[in-house]
Amino acid sequence: MEPDLISILLGSFTGLVLALTGAGGTLIAVPLLMFSLHLTVAEAAPVGLLAVGLSAAIGALLAFRQKRVRYRAASLIALTGALVSPAGIWLAPRIPNTPLTLLLAGVLVYVAQHMLRQSLREHPKDMTDRHSAPPCQLDDTSGRLIWTWPCFSALVFSGTTAGFLSGLLGVGGGFVIVPALRKATNIPILSIMATSLAITALISTTGVISAILIGVMKWPIALPFCAGTIAGMLLGRTFADRFAGPRLQQAFALLTGCIAIGMITKVVWSALL
C-alpha cells in the first residue's frame with residue numbers, strides 16, 4: 001500500500017478517535033505512525049504534533065464561540081508550554097529511540113489506567129466535584145479566576161510539563177493539562193476541556209514551527225496524515241454524542257493499553273535479537 005494512502009487512513013482513524021474521546025486521539029497518532037510506517041519517535045512526533053495542533057485548533061475555535069475557553073489561564077499555560085516545547089523538539093533526535101519509545105509507552109499506560117479508573121468510578125454528576133480549596137478559585141461576582149501566587153505557580157508548572165512532553169513525544173499535552181486544571185481550579189469540566197484544547201493548539205503551533213525550522217518535519221507523511229485526521233474528526237463529530245459514556249472510555253483505555261504493550265514488546269524483542 002502506498003505511504004500516502006497509509007498516512008490518510010491512519011489520520012482518519014486518529015481523527016475519528018479524537019472526535020469520540022476528545023484529546024485521546026492525539027495520544028495514538030505517534031504510535032500508529034511508528035508501527036505502520038516504521039518511523040522513530042523523533043520522526044513521528046512532529047507529524048503527530050501538527051495533527052494535534054490542527055485538530056485542537058478546530059475544537060478550540062468551536063468552544064471559544066460557545067464562550068467556554070478561559071483565555072487568561074490558557075494564555076499563561078500556553079506561554080510557558082510554548083517556551084519549553086522547542087527544547088523537547090530539539091532533544092528528541094538526540095535521544096536513542098528505545099528510551100523514547102519506552103517513555104511514550106509509559107505515558108500511554110498512565111493515560112489508559114487513569115481513564116479506566118475514571119470511567120469506573122465517575123458519573124456525570126461527579127464531573128464538577130472538587131477537593132476543598134484549590135489554589136485557583138473563581139470569583140463569585142465576576143466569574144473570573146482570582147490570581148494568587150499558588151494559582152500562578154500551579155498553572156505554570158502544568159504548562160511547562162505539557163510543553164516539554166508535547167515537543168519530545170508529539171502527544172499534545174491534554175493528558176497533563178486536564179487533570180492539572182481539575183486539581184488546581186474549580187472551573188467547570190466543560191470549560192476545562194475547552195481551555196485544554198486552546199492550550200494544546202497554541203503549544204503545538206510553537207512545536208510545529210520549531211520542527212520546521214530545525215528541519216525534522218516529514219512533509220510527505222505529515223500532509224496526508226493531517227488531511228485524514230481533519231476529515232476523520234469532522235466525520236466523527238456527526239455521531240459522537242451517540243457513543244459518549246463510560247463504555248467508550250473503557251474501550252479507548254483498552255486500545256491505548258494494547259498499543260503500549262505492543263510498543264514495549266517490540267522494544268524487548270528487538271533487544272533480544
Student: State, yes or no, whether a side-chain contact exists between R70 and I187 at a heavy-atom distance under 4.5 Å.
Tutor: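 When only atoms from C-beta onward are counted, I187 and R70 do touch, with a gap below 4.5 Å.
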Student: D139: which residues meet the side chain to side chain contact (heavy atoms under 4.5 Å, CB included) condition with it, sequence neighbours left out?
Tutor: T141, S142, I146
Student: From R68 CZ over to L62 CG, what is the distance, rounded to the nearest 0.5 angstrom?
Tutor: 10.5 Å
Student: Is it the case that the side chain of S196 and the backbone of I192 share a donor-acceptor pair, with hydrogens and angles ignored and the cut-off at 3.5 Å?
Tutor: no
Student: List the atom of G143, the atom of L138, and the distance in Å for their closest heavy-atom pair.
Tutor: O-CD2, 3.5 Å
Student: For R94, does the CZ atom sit with more than 12 other heavy atoms under 6.0 Å from it, leaving out its own atoms?
Tutor: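 Yes - once you tally the heavy atoms of other residues, nucleotides and ligands closer than 6.0 Å, there are more than 12.
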Student: List the atom pairs, with distances to 0.1 Å, where a side-chain N or O of residues 95-108 and a protein N or O form a donor-acceptor pair under 3.5 Å, not counting sequence neighbours.
Tutor:
unit_1 : atom_1 : unit_2 : atom_2 : d
N97    : OD1    : V41    : N      : 2.9
N97    : ND2    : T101   : OG1    : 3.4
T101   : OG1    : N97    : O      : 2.8

Student: Can you check whether R72 reaches L145 side chain to side chain, under 4.5 Å on heavy atoms?
Tutor: no
Student: Can you give me the closest heavy-atom contact between L116 and Q250, atom names plus distance?
Tutor: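 The answer is CD1-CG, 3.9 Å.
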Student: So, for G48 and L33, which heavy atoms are closest and what is the spacing to 0.1 Å?
Tutor: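 Reported closest heavy-atom pair: N-CD1, 4.2 Å.
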Student: Only counting residues at least two apart or in another chain, list the ones meeting side chain to side chain contact (heavy atoms under 4.5 Å, CB included) with A57.
Tutor: A201
Student: Side-chain donor-acceptor pairs under 3.5 Å in residues 214-222, sequence neighbours left out?
Tutor:
none

Student: How would you list, by chain and number, every residue that makes a side chain to side chain contact (heavy atoms under 4.5 Å, CB included) with F13, sequence neighbours excluded?
Tutor: V17, I28, L32, L255
Student: Hydrophobic cluster membership, with links at side-chain heavy-atom distances under 4.5 Å among I/L/V/M/F/W/Y: are Y110 and I259 in one?
Tutor: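 They do share one cluster, since a chain of ILVMFWY contacts under 4.5 Å joins Y110 to I259.
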Student: Tell me which donor-acceptor pairs under 3.5 Å the side chains of residues 149-156 have, and how far apart each pair is, sequence neighbours excluded?
Tutor:
unit_1 : atom_1 : unit_2 : atom_2 : d
S153   : OG     : W149   : O      : 3.0
S153   : OG     : P150   : O      : 3.0

Student: At their closest point, which heavy atom of V69 faces which heavy atom of A60, and how far apart are they?
Tutor: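 Closest pair (atom of V69, atom of A60, distance): CG2-O, 4.1 Å.
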Student: Determine whether V111 and L49 fall in the same hydrophobic cluster, where Ile, Leu, Val, Met, Phe, Trp and Tyr are linked whenever their side-chain heavy atoms lie under 4.5 Å apart.
Tutor: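 In one cluster with V111: L49, yes.
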Student: Quick one: CG on L202 to OG on S75, what's the gap to the nearest 0.5 Å?
Tutor: 7.0 Å
Student: Indicate the atoms forming the closest heavy-atom contact of I203 with G163, along with that distance.
Tutor: CG2-CA, 3.9 Å
Student: Test of understanding: with side chain to side chain contact (heavy atoms under 4.5 Å, CB included), list the residues that count as partners of I209, not counting sequence neighbours.
Tutor: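 T205, L213.
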Student: Do F35 and V47 belong to the same hydrophobic cluster, where Ile, Leu, Val, Met, Phe, Trp and Tyr are linked whenever their side-chain heavy atoms lie under 4.5 Å apart, directly or via other members?
Tutor: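 Yes, because F35 and V47 connect within a single hydrophobic cluster, where side-chain heavy atoms sit under 4.5 Å apart.
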Student: Test question: given the 4.5 Å side-chain rule for I, L, V, M, F, W and Y, name all other residues clustered with F157, or answer none.
Tutor: none
Student: Which pair of non-hydrogen atoms, one from A44 and one from V30, has the smallest distance, and what is that distance?
Tutor: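 What the structure gives for the nearest pair is CB-CG1, 3.8 Å.
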Student: Could you tabulate the donor-acceptor pairs under 3.5 Å formed by side-chain atoms of residues 80-89, not counting sequence neighbours?
Tutor:
unit_1 : atom_1 : unit_2 : atom_2 : d
T80    : OG1    : L76    : O      : 3.3
T80    : OG1    : I77    : O      : 2.9

Student: In Å and rounded to the nearest 0.5 Å, what is the CD1 to OG distance from I199 to S204?
Tutor: 11.0 Å
Student: Can you list, pair by pair, the side-chain donor-acceptor contacts under 3.5 Å of residues 223-232, counting residues two or more places apart and other chains?
Tutor:
unit_1 : atom_1 : unit_2 : atom_2 : d
T229   : OG1    : G11    : O      : 3.3
T229   : OG1    : F225   : O      : 2.8

Student: Could you list all the ring pair (Phe, Tyr, Trp, His ring centres under 6.0 Å) pairs where at least one residue sits in residues 60-92, not counting sequence neighbours?
Tutor: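 Sorted pair list comes back empty.
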Student: Which pairs of donor and acceptor atoms, one on a side chain in residues 262-273, lie under 3.5 Å apart (sequence neighbours left out)?
Tutor:
unit_1 : atom_1 : unit_2 : atom_2 : d
T265   : OG1    : I261   : O      : 2.7
S270   : OG     : K266   : O      : 2.9

Student: When rounded to the nearest 0.5 angstrom, what distance separates CD1 in I6 from CG in L37?
Tutor: 5.5 Å
